[in-house]
Amino acid sequence: MVNKKKKVLNKTARISYLIFLLASIIFIFLLNKILPGKFIILLIGLFSFLFVIFGFFALFVKVKKKYKIIQIVSCLLLAIVLILCDVAIPIYSGKLARLFVKIPDEGQMNINVYILNDRNYSDIEDLAGKTVGIQSKVDIDYQNYAIKVVNKQIQNEDINVASYQDIYQLVEALYNGEVEAILLNQNYASIIADNKDFADFNDKCKNLYTVVQKVQLLDSTTSVTDIVNEPFLIAVSGNDQWDYNSINSNSSFRTDVNMLVGINPKTKQALIITLPRDSYVYLDGMGYDKLTHASIYGNNCWVNAIKNILSLDEINYYFKVNFQSVSAIVDALGGVQVDNPYYFESSYCLRYDESLNKVVTETKSYPQGIITLDGSAALGYVRERYSLPDGDIGRNKHQAIFLKGCIDKLCSVSTITNISSILNQLQGTFTTNISFNDILSLAQMQLDDMADWNIKSYSILGYGQDRQCFSLDEEYYSVEILYDESVDLAKQYIESLFNGEILQ
C-alpha cells in the first residue's frame with residue numbers, strides 16, 4: 001500500500017513537472033516576439049534554474065515525501081499562472097495589432113446629387129429632363145461618370161448639364177433656381193459650409209442620390225527600412241469631426257491640427273513642429289490654398305503640402321485623429337498631465353452625453369502649472385485660441401504641450417499595468433500607416449534601454465494677409481503667410497535631428 005502511494009506521488013510529481021515545463025517553453029516562445037533579447041536571456045536563465053530544481057525533486061524517487069509535495073504544488077501553481085499568461089499574451093497582442101490595421105490601396109469617392117429641401121423630389125427619376133449643375137475645374141472624370149450613371153437610372157429623358165466655374169457658383173446656381181440639382185464631391189460639403197454665404201448648405205440641401213466610384217488611394221509616404229536605427233518623420237493631422245469614419249483612409253476633412261513629428265531613435269530625441277492651419281501653401285496640380293483645405297483633396301495632397309512648406313524629400317508616416325479620437329485616447333490613458341503656462345478658459349470642451357444621446361459643449365478653466373486633462377478638457381486645451389494671449393500661436397503651442405504629455409503618459413508604469421483596458425478602448429480611434437511590427441520594434445527598443453527622451457517643440461510662425469485661395473473660388477481670404485526665417489529654423493531643427501545633434 002505504501003509503495004503504491006509512493007508510485008502515485010512520483011507519477012504526479014513527474015506529470016506536474018512536465019506541465020510546468022511545457023507552459024514555461026510556450027511562455028518564453030510568446031514573449032520572444034515581444035520582449036528585447038536581454039530579457040529573454042534572463043527568463044531562460046531563471047526558468048533553467050527552476051527546471052533543474054523541480055526536475056531533481058520530480059525525477060528522483062528517493063526524495064522525501066514533503067519535498068515531493070512542495071514540488072508538485074509549486075509546479076502546478078506556476079503552471080496555472082503561465083497557462084493564463086500563454087492565453088492572454090496572444091489576445092493582447094491581437095488587440096494591439098488591430099490598432100494598426102493595413103491601409104487599403106483602394107477607396108471610394110462619393111459624387112452626390114444635391115437638391116434643395118423644398119423641392120418635391122423623392123427619386124432620381126424625378127430629375128428626368130431637368131438641368132443639373134456640375135463644376136468645370138476638378139473631378140471632371142468622376143462627374144462625367146456620375147452623369148452616365150444618373151442617366152442610366154432615369155428611364156425617361158436624360159438630364160441636362162450646366163457647367164460652372166467652381167463649387168460656389170455651382171451652389172449659388174442651385175440656391176437661385178438656375179438648376180434643379182448639382183453633382184458634387186461629398187468631401188466638398190464641409191468647405192462650402194465654411195463659407196459664410198453658404199453656411200446653411202447642410203440645412204438647406206439634401207442628398208437625393210449617390211454615385212459611388214472606386215479610386216486608388218495614393219500614399220506619398222515612404223517607410224524607413226530600420227525604424228529603431230533610422231530617424232523618421234510622422235505627419236499628424238486632426239480634424240474637427242465627431243465620427244471615427246472621418247479619419248479612415250478614404251476620408252477627406254479639413255485639418256485643425258497640423259504637426260510634423262520627427263523621431264531619432266539612436267539619440268532618443270523627438271521634435272514636434274506645429275504648423276498654422278491657415279498656412280498658405282501650394283497644393284500639387286491646383287494652386288495656393290490654406291493648409292487646412294489640403295486634406296479635402298486627399299491625405300496624399302495634405303502630406304505633399306507639408307513637404308512643400310518644409311522642402312522635404314519625404315515624410316515616412318502619417319497619423320490621423322479627430323475630436324472623438326482625442327477624447328477617447330486621453331480617457332483610455334486615465335488622463336494626461338501637462339505643464340500649462342498660464343490660466344485661461346475654454347468653451348470648446350466636448351463630451352458625449354449618453355442620457356441625451358448627443359455631443360454637448362462645456363466650458364472649463366485651466367489653472368497655471370501642472371494640471372491633468374480628461375478627454376473633454378483635452379479637447380478644449382488643444383482647440384482654444386480666442387482667450388489665449390497669443391491666439392493661434394498659443395493654440396499651436398498647446399497642441400505640442402499636449403502631445404508631449406501623451407508621450408510621457410504612454411511611457412509610464414500606469415499605462416503598462418492598465419494595458420488591457422487601454423487596448424479595449426482604443427480600437428478604431430485613429431488611423432495610421434505605421435505597421436504593428438514597427439511599433440513593436442520601437443517598444444522593444446524602449447524596454448531594452450529604458451532611456452529618457454529629449455522632446456523639443458517648435459511652432460512655425462507667420463502673419464495674416466488676404467490671398468487668393470484655390471478651393472474658395474480664387475477669392476481673397478485671410479491666410480497665414482509663414483515667415484521665411486521661421487520655416488528655415490524648422491528645417492534646421494529637422495536637419496539637426498537627422499544628423500544626430502542634440503536639440504536645444
Side-chain angles (χ1 to χ4, degrees), residues 100 102-105 107 216-239 247-267 269-277 279-286 289-321 396 399-400 403 407 430-435 437-439 441-442 455-460 482 486-500 503:
F100 302 89
K102 179 177 173 53
I103 303 298
D105 298 323
Q216 289 299 118
L217 297 179
L218 301 176
D219 187 359
S220 61
T221 60
T222 306
S223 10
V224 295
T225 305
D226 186 356
I227 201 166
V228 297
N229 289 303
E230 299 177 47
F232 57 91
L233 296 171
I234 308 172
V236 180
S237 71
N239 70 47
I247 53 172
N248 65 39
S249 52
N250 190 45
S251 64
S252 300
F253 283 91
R254 295 171 300 173
T255 52
D256 270 9
V257 176
N258 301 272
M259 290 184 179
L260 185 69
V261 179
I263 303 290
N264 190 324
K266 296 293 285 184
T267 61
Q269 292 193 103
L271 172 64
I272 304 171
I273 296 175
T274 56
L275 301 97
R277 68 189 296 275
S279 300
Y280 198 55
V281 60
Y282 181 75
L283 307 185
D284 289 342
M286 289 177 278
D289 206 333
K290 299 182 180 185
L291 178 59
T292 185
H293 291 157
S295 59
I296 292 177
Y297 302 104
N299 188 69
N300 198 57
C301 181
W302 174 74
V303 170
N304 283 335
I306 295 179
K307 286 183 184 178
N308 290 337
I309 291 175
L310 293 166
S311 303
L312 296 170
D313 292 329
E314 60 184 31
I315 290 175
N316 307 108
Y317 307 100
Y318 64 80
F319 189 91
K320 298 167 69 175
V321 294
N396 287 346
Q399 291 168 359
L403 183 56
I407 294 172
F430 58 85
T431 296
T432 181
N433 63 346
I434 305 174
S435 72
N437 288 334
D438 279 347
I439 292 295
S441 295
L442 289 172
I455 302 176
K456 167 74 177 179
S457 61
Y458 176 71
S459 297
I460 295 179
L482 303 180
S486 185
V487 174
D488 289 341
L489 185 54
K491 294 176 182 178
Q492 290 175 25
Y493 282 136
I494 295 172
E495 184 177 358
S496 296
L497 178 81
F498 273 63
N499 289 337
L503 301 177

Query raised in the report: Has the side chain of Y318 got a donor or acceptor atom that lies under 3.5 Å from a matching backbone atom of I434?
Result: no
**Report entry** Pairwise distance CD1(I306) to CG(L260) - rounded to 0.5 angstrom
**Finding:** 6.5 Å
Query - Listed partners of Y282 passing ring-ring contact (aromatic ring centres under 6.0 Å, His included), at least two apart - result: Y288
Requested in this report: Check for a donor-acceptor pair, side chain of N433 on one end and backbone N or O of Y317 on the other, with a separation under 3.5 Å.
Outcome: no
**Report entry** Contacts of S459 that satisfy side chain to side chain contact (heavy atoms under 4.5 Å, CB included) - sequence neighbours left out
**Finding:** T274, N396, K397
Query raised in the report: Okay, side chain of E495, backbone of K491: is any donor-acceptor separation there less than 3.5 Å?
Result: no
Requested in this report: Taking S457 for its side chain and A400 for its backbone only, find out whether a donor-acceptor pair lies under 3.5 Å.
Outcome: no
Report summary line: Between the CD1 atom in I234 and the CE atom in M259, the distance rounded to the nearest 0.5 Å is 12.0 Å
Report task. Evaluate side chain to side chain contact (heavy atoms under 4.5 Å, CB included) for I263 paired with I227, printing each intermediate quantity in order. Result -> CA-CA 9 Å; I263 303 290; I227 201 166; over 6 Å; no
Report task. Using atom types as modelled and distance alone, determine if a side-chain donor or acceptor of K320 lies under 3.5 Å from a backbone N or O of N299. Result -> no
Query raised in the report: Does S486 reach the side chain of Y458, with side-chain heavy atoms less than 4.5 Å apart?
Result: yes
Query raised in the report: Where the side chain of N300 meets the backbone of S220, is there a donor-acceptor pair that is under 3.5 Å apart?
Result: yes
Report task. Tell me, with the steps shown, if L503 and Y493 meet side chain to side chain contact (heavy atoms under 4.5 Å, CB included). Result -> CA-CA 7 Å; L503 301 177; Y493 282 136; 4.2 Å; yes
Query raised in the report: Is any side-chain heavy atom of I460 closer than 4.5 Å to a side-chain heavy atom of L310?
Result: yes
Report task. Please work out which of the three classes, parallel, tilted or perpendicular, describes the rings of F430 and F319, given edges at 30° and 60°. Result -> parallel
**Report entry** Nearest heavy-atom neighbours spanning L283 and A294
**Finding:** CD2-CB, 3.6 Å
Report task. Begin from the C-alpha positions of T221 and N316 and carry the test side-chain hydrogen bond (donor to acceptor under 3.5 Å, both in side chains) through to its verdict. Result -> CA-CA 5 Å; T221 60; N316 307 108; over 6 Å; no
Query raised in the report: After noting the C-alpha distance and the side-chain angles of L291 and W302, does the key distance pass the side chain to side chain contact (heavy atoms under 4.5 Å, CB included) rule?
Result: CA-CA 7 Å; L291 178 59; W302 174 74; 3.9 Å; yes
Requested in this report: Indicate whether the side chain of N258 and that of T255 have a donor and an acceptor atom separated by less than 3.5 Å.
Outcome: yes
Query raised in the report: By salt bridge (charged side-chain N to carboxylate O under 4.0 Å, His left out), which residues pair with D438, not counting sequence neighbours?
Result: none
Query raised in the report: In Å and rounded to the nearest 0.5 Å, what is the CD to CG distance from E314 to N304?
Result: 12.0 Å
